[in-house]
*Asks:* 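Okay, handing you the structure first.
First the proteins, then the strands, lettered A, B, ... as listed; each starts at 1. Note: hydrogens, waters and symmetry copies are ignored here, and every other heavy atom, side chains too, is used.
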Number of protein chains: 2
Amino acid sequence: MLRLSKLTDYAVVVLVRLSEESGIQTSGGIAASTGVPEPTVAKVLKIMTSAGLVASQRGARGGYRLARPLATIPVAEVIIAIDGPIALTACVEHSTSVCDTSSLCPVKGRWDAVNTAILDALSTISLADMRPTAFFPLPAHHLPEKRDAVPTTASALTTAFLE
Amino acid sequence: MLRLSKLTDYAVVVLVRLSEESGIQTSGGIAASTGVPEPTVAKVLKIMTSAGLVASQRGARGGYRLARPLATIPVAEVIIAIDGPIALTACVEHSTSVCDTSSLCPVKGRWDAVNTAILDALSTISLADMRPTAFFPLPAHHLPEKRDAVPTTASALTTAFLE
DNA sequence: CCATTCAGGACCGCGCCAGTCCTGTTTTCG
DNA sequence: CGAAAACAGGACTGGCGCGGTCCTGAATGG
Ligand code: FES
Ligand code: FES
């Protein structure tokens with residue numbers, strides 16, 4: 001499936017939402033404004049806190065705020081914070097498990113390159129790149145500049161694989 | 001963990017093993033030479049056959065052989081053959097499922113760029129590149145990373161390499 | 001002292017994948 | 001012509017990882 005966990009999806013939503021308000025925000029407030037169930041939002045925020053992506057404030061009038069600007073958070077870091085290290089197969093270095101057929105395996109150690117390529121792609125995209133800055137549907141009032149290079153790079157090769 | 005299924009791992013092993021022998025090979029023989037359990041090898045090869053990656057010959061003295069040269073099979077095609085279309089989240093186009101919080105979601109439709117970047121990376125690496133003797137042709141990964149890079153960077157690199 | 005809010009777990013049910021197996025069908029060979 | 005060899009195409013099931021929830025603390029502010 002090559003699918004990442006649902007919590008990661010929620011995490012991105014929550015982090016982007018956090019960045020859209022300057023002050024501190026409670027988990028309940030974020031749940032209300034995103035539609036994600038409140039316990040799930042709380043769980044995500046706790047993970048994000050221990051990963052150092054958001055800072056928390058306990059007690060009354062407490063809440064969460066981003067620890068770093070959104071542009072300095074690559075998608076890879078969110079994925080790793082929730083799902084653990086990116087390891088496509090059991091045969092990738094830094095993987096926890098070990099491969100049992102490695103003695104006979106003809107592709108031993110060759111997954112590392114694939115893994116690195118994906119990791120690099122995910123490190124290049126920051127959360128700020130995932131925030132819709134209103135250039136596609138129904139432009140907002142302030143169009144600061146014509147954003148070039150919308151990532152519509154679906155080449156013929158890649159679209160051929162989509163289905 | 002952004003992990004792909006074990007069957008995909010086996011599929012790569014089996015396909016590479018298929019390429020190392022010129023003649024036709026039985027599923028049992030491949031199982032013996034790779035250490036993968038025979039029923040699993042059979043299952044993988046059936047999927048590969050229906051995907052058009054290997055050709056099969058029934059009956060006594062039958063078996064399997066590669067339908068195309070190893071270098072013309074990207075890793076992405078193997079993954080898609082086994083796991084289905086690559087869709088990181090439920091909110092990616094061409095995904096089967098639908099997202100229920102899309103009305104309030106602040107990152108609606110922004111996963112597509114990430115998905116495309118990964119798809120590009122996986123389409124650039126062929127199975128021939130996974131053989132131990134192969135030269136791995138991806139452009140330089142470990143450049144100093146710009147955290148606020150535009151999301152088209154990875155795609156631009158890979159597509160530029162294809163030309 | 002009390003309300004609020006986060007911290008850090010434990011907990012459970014569901015869905016999905018891995019692995020096996022069974023019943024055909026096709027082909028070759030004695 | 002029959003039997004064996006080998007693939008085709010499913011059904012089936014157990015395990016387990018993930019999602020979602022909840023509960024008991026601890027910190028903070030009024
Ligand atoms: S499958 Fe583990 S080393 Fe190749
Ligand atoms: S989470 Fe589905 S559209 Fe954003």
*Asks:* Can you tell me the distance, in whole Å, between the CD1 atom of A/Ile82 and the P atom of D/dG20?
*Replies:*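 In whole Å, D/dG20 P lies 12 Å from A/Ile82 CD1.
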*Asks:* Between CZ of B/Arg68 and CG of B/Leu15, what distance do you get to the nearest 0.5 Å?
*Replies:*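 Rounded to the nearest 0.5 Å, the CZ-CG separation comes out at 10.5 Å.
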*Asks:* If I take atom CD1 in residue B/Ile47 and atom P in nucleotide C/dA18, what distance separates them, rounded to the nearest angstrom?
*Replies:*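 About 9 Å, once rounded to whole Å.
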*Asks:* Check DNA chain C against residues 58-65 of chain B and give the residues with a non-hydrogen atom under 4.0 Å, in numerical order.
*Replies:*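 Only B/Arg58, B/Gly59, B/Ala60 qualify.
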*Asks:* Counting only side-chain N and O atoms of A/Thr40, is one of them less than 4.0 Å from OP1 or OP2 of D/dT21?
*Replies:*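 So the side-chain polar atoms of A/Thr40 do come within 4.0 Å of the phosphate oxygens OP1 or OP2 of D/dT21, strictly under.
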*Asks:* In degrees, rounded to 10°, what is the bend between the two ends of the helix from C/dC1-D/dG30 to C/dG30-D/dC1, using five pairs at each?
*Replies:*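 That helix has its two terminal axes inclined by roughly 10°.
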*Asks:* Does A/Thr34 form a side chain to side chain contact (heavy atoms under 4.5 Å, CB included) with A/Tyr10? I'd like the steps, not just the answer.
*Replies:* CA-CA 9 Å; A/Thr34 57; A/Tyr10 289 152; over 6 Å; no
*Asks:* From A/Ile30 CD1 over to A/Thr40 OG1, what is the distance, rounded to the nearest 0.5 angstrom?
*Replies:*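 Interatomic distance, A/Ile30 CD1 to A/Thr40 OG1, rounded to 0.5 Å: 13.0 Å.
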*Asks:* What is the separation between atom CG on B/Asp83 and atom C1' on C/dC17, rounded to the nearest whole Å?
*Replies:*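 The distance from CG of B/Asp83 to C1' of C/dC17 comes to 10 Å, rounded to the nearest Å.
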*Asks:* Side chain of A/Lys43, heavy atoms from C-beta onward: which of C/dT5, C/dG19, D/dT21 has the nearest atom to it?
*Replies:*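 Selected nucleotide (nearest to the side chain): D/dT21.
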*Asks:* In Å and rounded to the nearest 0.5 Å, what is the OG1 to CZ distance from B/Thr8 to B/Arg3?
*Replies:*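 Answer for the OG1-CZ pair, B/Thr8 versus B/Arg3, is 12.0 Å.
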*Asks:* OP1, OP2 of C/dA7 versus side-chain N and O of A/Ser56: anything below 4.0 Å?
*Replies:*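 Yes, because at least one side-chain N or O of A/Ser56 sits under 4.0 Å from OP1 or OP2 of C/dA7.
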*Asks:* Rounded off to whole Å, could you give me the CG-to-P distance for the A/Leu4 and D/dC18 pair?
*Replies:*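 It works out to 12 Å between those atoms.
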*Asks:* Does the side chain of B/Leu2 come within less than 4.5 Å of A/Asp83's, by heavy atoms?
*Replies:*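 Heavy-atom side-chain distance check fails, nothing below 4.5 Å.
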*Asks:* Just compare D/dG9, D/dC7, D/dG20 and give me whichever is closest to any side-chain atom of B/Thr26.
*Replies:*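 Taking heavy atoms from C-beta onward, the closest nucleotide is D/dC7.
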*Asks:* Can you tell me how far P of C/dC16 sits from CZ of A/Arg3, to the nearest Å?
*Replies:*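 Result: 9 Å.
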*Asks:* Contact class for B/Ser27 vs. all strands (heavy atom < 4.0 Å): base, sugar-phosphate, or nothing?
*Replies:*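 Since only primed, P, OP1 and OP2 atoms lie under 4.0 Å of B/Ser27, the category is sugar-phosphate.
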*Asks:* Using 0.5 Å steps for rounding, measure from the CD1 atom of B/Ile118 to the CG atom of A/Leu4.
*Replies:*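 Rounded to the nearest 0.5 Å, the CD1-CG separation comes out at 7.5 Å.
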*Asks:* Is A/Leu45 close to A/Leu18 at the side-chain level, that is, under 4.5 Å between some pair of heavy atoms?
*Replies:*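 Contact flag for A/Leu18/A/Leu45 side chains = yes.
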*Asks:* Do side-chain atoms of A/Asp129 reach the backbone of A/Ser126 as a donor and acceptor pair under 3.5 angstrom?
*Replies:*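 Answer holds: yes.
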*Asks:* Give the nucleotide from the list D/dG19, D/dC7, C/dT27 with an atom nearest to the side chain of B/Gln57.
*Replies:*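 Selected nucleotide (nearest to the side chain): C/dT27.
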*Asks:* Return the nearest nucleotide to the side chain of B/Pro39; candidates are C/dT20, D/dT21, D/dA8.
*Replies:*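 Taking heavy atoms from C-beta onward, the closest nucleotide is C/dT20.
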*Asks:* Kindly indicate, with the supporting measurements, whether the criterion side chain to side chain contact (heavy atoms under 4.5 Å, CB included) is fulfilled by B/Leu53 and B/Ile47.
*Replies:* CA-CA 9 Å; B/Leu53 295 182; B/Ile47 299 175; over 6 Å; no
*Asks:* D/dG19, C/dT5, C/dC17: which one has an atom nearest the side-chain heavy atoms of A/Ser5?
*Replies:*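 Among D/dG19, C/dT5, C/dC17, the one nearest the side chain of A/Ser5 is D/dG19.
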*Asks:* Distance check needed: D/dC7 C1' versus B/Leu18 CG, whole Å only.
*Replies:*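 In whole Å, D/dC7 C1' and B/Leu18 CG are 14 Å from each other.
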*Asks:* Would you mind reading off the distance between B/Lys6 atom NZ and D/dG15 atom P, rounded to a whole angstrom?
*Replies:*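 Going from NZ in B/Lys6 over to P in D/dG15 covers 15 Å.
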*Asks:* Without decimals, in angstroms, what is the distance between A/Ile30 CD1 and C/dT5 P?
*Replies:*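 Distance, rounded to whole Å: 13 Å.
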*Asks:* My understanding is that only one of B/Val54, B/Val14, B/Leu66 makes a side chain to side chain contact (heavy atoms under 4.5 Å, CB included) with B/Met48; could you say which?
*Replies:*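 The single option meeting the side chain to side chain contact (heavy atoms under 4.5 Å, CB included) with B/Met48 is B/Val54.
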*Asks:* Let's test your reading of the model: under 3.5 Å, does the base of C/dG8 pair with the side chain of A/Lys46 as donor and acceptor?
*Replies:*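 Yes, the side chain and the base share a sub-3.5 Å donor-acceptor pair.
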*Asks:* For a quick test of reading the model: is some side-chain N or O of B/Tyr10 closer than 4.0 Å to OP1 or OP2 of C/dA18?
*Replies:*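 No, because none of the side-chain N or O atoms of B/Tyr10 sits under 4.0 Å from OP1 or OP2 of C/dA18.
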